[in-house]
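Okay, structure first, notes after.
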Amino acid sequence: MSTAHQEGDLEVRSLVRVFGTGDGAVRAVDDVSFRAPAGRLTGFVGGNGAGKTSTMRMIMGVLAPTSGETLVDGRPITATDRRAFGYMPEERGLYPKQAVLDQLVYLGRLRGIPAPAARAEILGHLERLGLADRAKDHVEKLSLGNQQRVQIIAALMGAPRALILDEPFSGLDPAAVDGMADLLREHTARGVPVLFSSHQLDLVERLCERLVILRRGQVVADGAPAELAARGTVRHRLVLSGDAGWVRGMPGVRAVDVDGPVALVELSDDGAGRALLHSALERGDVREFSPVRPSLTEIYREVAA
Amino acid sequence: MRGSNDSPAWLIVTQREIVARVMNKAYLFGLLITVLLIAGIAGFFAWQSQQTDSYDVAVTAGDELAVTAAEQAAAQLRDGGELTVHEVADAYAARTALEDETADVWLRSGADGWTLSGWREPSGSLTQLLTPVVERVTVAERAEVLGTSFDELAAGGDLDTERLDGGDVDPGVVQFASFALAFLFFMGAIGSGQMIAASVVEEKQSRLVEIIASAVPLRQVLAGKVLGNSVIALAQNVLFASVGLVGLALTDFKAAVPAMTASLGWFVIFFTVGFVAVAALYAMAGALASRLEDLQGTTAPMSVVLMAVYLTTFGADGTLERVLSFVPVTSIVSMPVRVLSGAADWWEPVVALLLLAAFAVGVVLVSERAYRRALLQTGGRVGWRQALRAR
């Protein structure tokens with residue numbers, strides 16, 4: 001993780017949240033530090049109870065941290081900053097018996113957007129998401145997917161300075177996921193940090209430029225997907241002309257899998273690699289000797305298991 | 001883009017609370033029912049006061065005393081009703097008249113006393129009317145035998161009533177008013193209170209409150225909710241009071257309208273101030289619940305207190321009433337009632353109002369903290385004690 005600050009970066013530092021007291025106390029968020037850089041989509045990944053939602057709620061100021069800090073531009077986030085953040089909470093809900101447009105205008109006004117400007121912007125968003133003709137409908141008459149679109153509009157309006165979205169893609173079909181991703185990229189293009197949580201790793205890997213993996217309240221991996229993959233334990237594939245069973249006896253070499261002339265090995269250091277290759281050439285031809293990069297899914301299993 | 005020229009957050013919340021309520025069909029329906037109920041009660045009393053009783057009294061020919069008594073009773077009724085005397089030939093004709101309903105009763109004098117017969121039990125109000133008349137006719141007859149007259153015997157036996165407190169309102173009206181005000185208070189406080197609690201838990205349950213809380217201070221949200229709902233409660237009570245007063249003007253109690261208007265005016269002021277406290281407590285009760293289903297439990301203490309206020313105030317009199325008229329919350333009902341009955345000095349409602357206002361401020365401060373603490377706590381009901389505990 002680079003230490004250079006960039007204008008607009010969102011950061012959490014040594015964040016801790018303990019629920020309950022005494023023996024029943026649970027450290028839901030346990031010394032979490034990471035950065036969601038400005039202009040980047042940062043994916044926040046982890047299983048149920050990993051602490052994603054609690055961390056996001058602390059960033060939005062609706063949950064008090066036990067200790068630690070939430071920062072923007074390198075200084076503590078204030079109520080004024082948060083007023084300009086777009087937030088989508090974990091559970092989906094709006095006023096069921098109020099018209100879509102009316103309640104979006106209400107939420108916009110609470111965030112300081114004058115009613116006419118809010119109305120114009122909301123109508124634009126509704127148009128774009130194919131909901132223009134539902135503006136006057138009560139929210140309860142909308143399908144769940146459409147309710148989610150209305151909620152995302154609530155977070156996106158007023159050109160927010162940061163977006164904190166809890167599971168924004170859950171329940172969307174693939175086409176809707178792409179539409180939503182395009183929408184989010186428009187905001188990163190403005191130089192805004194976007195932090196979203198998900199438990200769908202493939203989606204996060206495909207969409208985001210940065211990844212924070214959380215497990216039991218702790219950050220277990222943090223970086224660009226390619227960077228993380230490079231950091232994972234690199235294995236080597238060795239293909240020989242004869243049987244490769246002998247690699248099992250080599251010092252500094254762990255044979256993960258041996259199948260006839262093909263061996264998958266983990267090397268303790270570069271010297272072990274040289275020694276292995278040397279021995280192999282003494283015994284015959286070496287058809288292949290190459291590093292194997294693990295997929296993100298494998299890393300995720302490894303770190304979040 | 002983000003202008004500061006828009007309204008402050010509390011005002012935006014106030015507006016939404018009012019608009020959302022006015023658009024709520026269930027609320028409007030309930031309001032209509034209540035207005036119809038009040039108009040109906042007033043209408044019933046008005047109709048009843050315009051009802052004139054009419055009686056047909058049969059007397060046997062030759063029963064001079066009975067004829068005299070019936071005629072005197074008819075004269076006494078005057079505009080309150082009508083009494084027609086039917087002379088029938090004999091006892092058999094009288095029975096027939098009763099059976100075929102040409103007469104309601106048959107009045108006859110006798111050596112051992114008078115008898116009033118009806119085909120069924122004679123009407124109570126007619127019996128009440130005839131009893132003193134019969135007595136008077138009997139005494140007058142004996143007086144004549146003794147060489148004197150009824151007037152001479154009865155001279156100096158009149159009983160006049162006078163009232164020294166200077167009030168001029170019928171105690172019946174005061175009693176009715178205390179019932180009506182207690183009812184208005186109870187309905188207004190419980191009804192509007194539940195609405196606030198429901199709107200708070202709706203926001204909490206859907207996590208909308210997290211979006212709102214990250215945008216504006218929750219203190220302002222609470223202020224907007226309390227204010228918006230107080231405006232609604234005020235408007236609602238003004239509406240009920242107006243319908244009630246118009247109704248009252250149509251009844252026999254129309255003389256009480258000016259005094260009643262003053263009393264209702266005090267009630268509206270007291271209620272508005274007191275409702276601020278009630279609204280804040282209900283908002284807190286809403287914040288304690290985590291789902292709509294929990295509301296009944298978290299608002300139960302409020303319901304009990306309001307029910308107690310209702311029950312103690314409408315029956316109270318004497319010292320108890322005087323004390324209640326100063327104690328916050330019960331003063332909302334008891335002080336306007338004392339103003340109506342003329343029992344309160346001018347300064348008393350002012351002092352009671354100041355006490356109530358101080359109480360409201362205290363309650364708002366306490367419940368504001370609990371509201372903020374409980375509102376963002378997810379998962380399960382939060383206890384009153386837990387929310388109120390300082391940290």
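Here the structure is a predicted model, which is why all the values come from computation and not from measurement. Each chain gets a letter, A, B and so on, in the order the sequences are listed, and its residues count up from 1.
- Of all the heavy atoms in Leu94(A) and Ser206(B), the pair that sits closest is N-CB, 4.2 Å.
- Side chains of Tyr95(A) and Glu202(B): no donor on one and acceptor on the other come within 3.5 Å.
- Just one residue in the list Arg57(A), Met88(A), Met60(A) forms a side-chain contact (heavy atoms from CB on, under 4.5 Å) with Glu210(B), and that residue is Arg57(A).
- With a 4.5 angstrom heavy-atom cutoff, Gln220(B) does not touch chain A via any of its atoms.
- For Asp133(A), the CG atom is densely surrounded, since the number of other residues' heavy atoms within 6.0 Å is greater than 12.
- For the side-chain hydrogen bond (donor to acceptor under 3.5 Å, both in side chains) condition, the pairs that include at least one residue of residues 148-158 of chain A, sequence neighbours left out, are Asn146(A)-Arg149(A).
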### Query
Where do Leu208(B) and Leu107(A) land on the side chain to side chain contact (heavy atoms under 4.5 Å, CB included) test, with the steps shown first?
CA-CA 9 Å; Leu208(B) 250 175; Leu107(A) 294 174; 4.1 Å; yes
### Query
Where do Arg83(A) and Ser214(B) land on the side-chain hydrogen bond (donor to acceptor under 3.5 Å, both in side chains) test, with the steps shown first?
CA-CA 6 Å; Arg83(A) 199 174 191 208; Ser214(B) 62; over 6 Å; no
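- Within a 6.0 Å sphere centred on CD of Gln296(B), other residues, nucleotides and ligands contribute 12 heavy atoms or fewer.
- Of all residues in residues 96-104 of chain A, those placing a non-hydrogen atom less than 4.5 angstrom from a non-hydrogen atom of chain B are Pro96(A), Gln98(A).
- Using a 4.5 Å cut-off between heavy atoms, Val13(B) contacts chain A through both its backbone and its side chain.
- Applying the salt bridge (charged side-chain N to carboxylate O under 4.0 Å, His left out) test to Arg17(A) and every residue at least two apart in sequence or in another chain returns nothing.
- Below 4.5 Å, heavy atoms of chain A meet heavy atoms from Gln15(B), Arg16(B), all part of residues 15-34 of chain B.
- Residues Val216(B) and Leu110(A) come closest through the heavy atom pair CG1-O, 3.1 Å.
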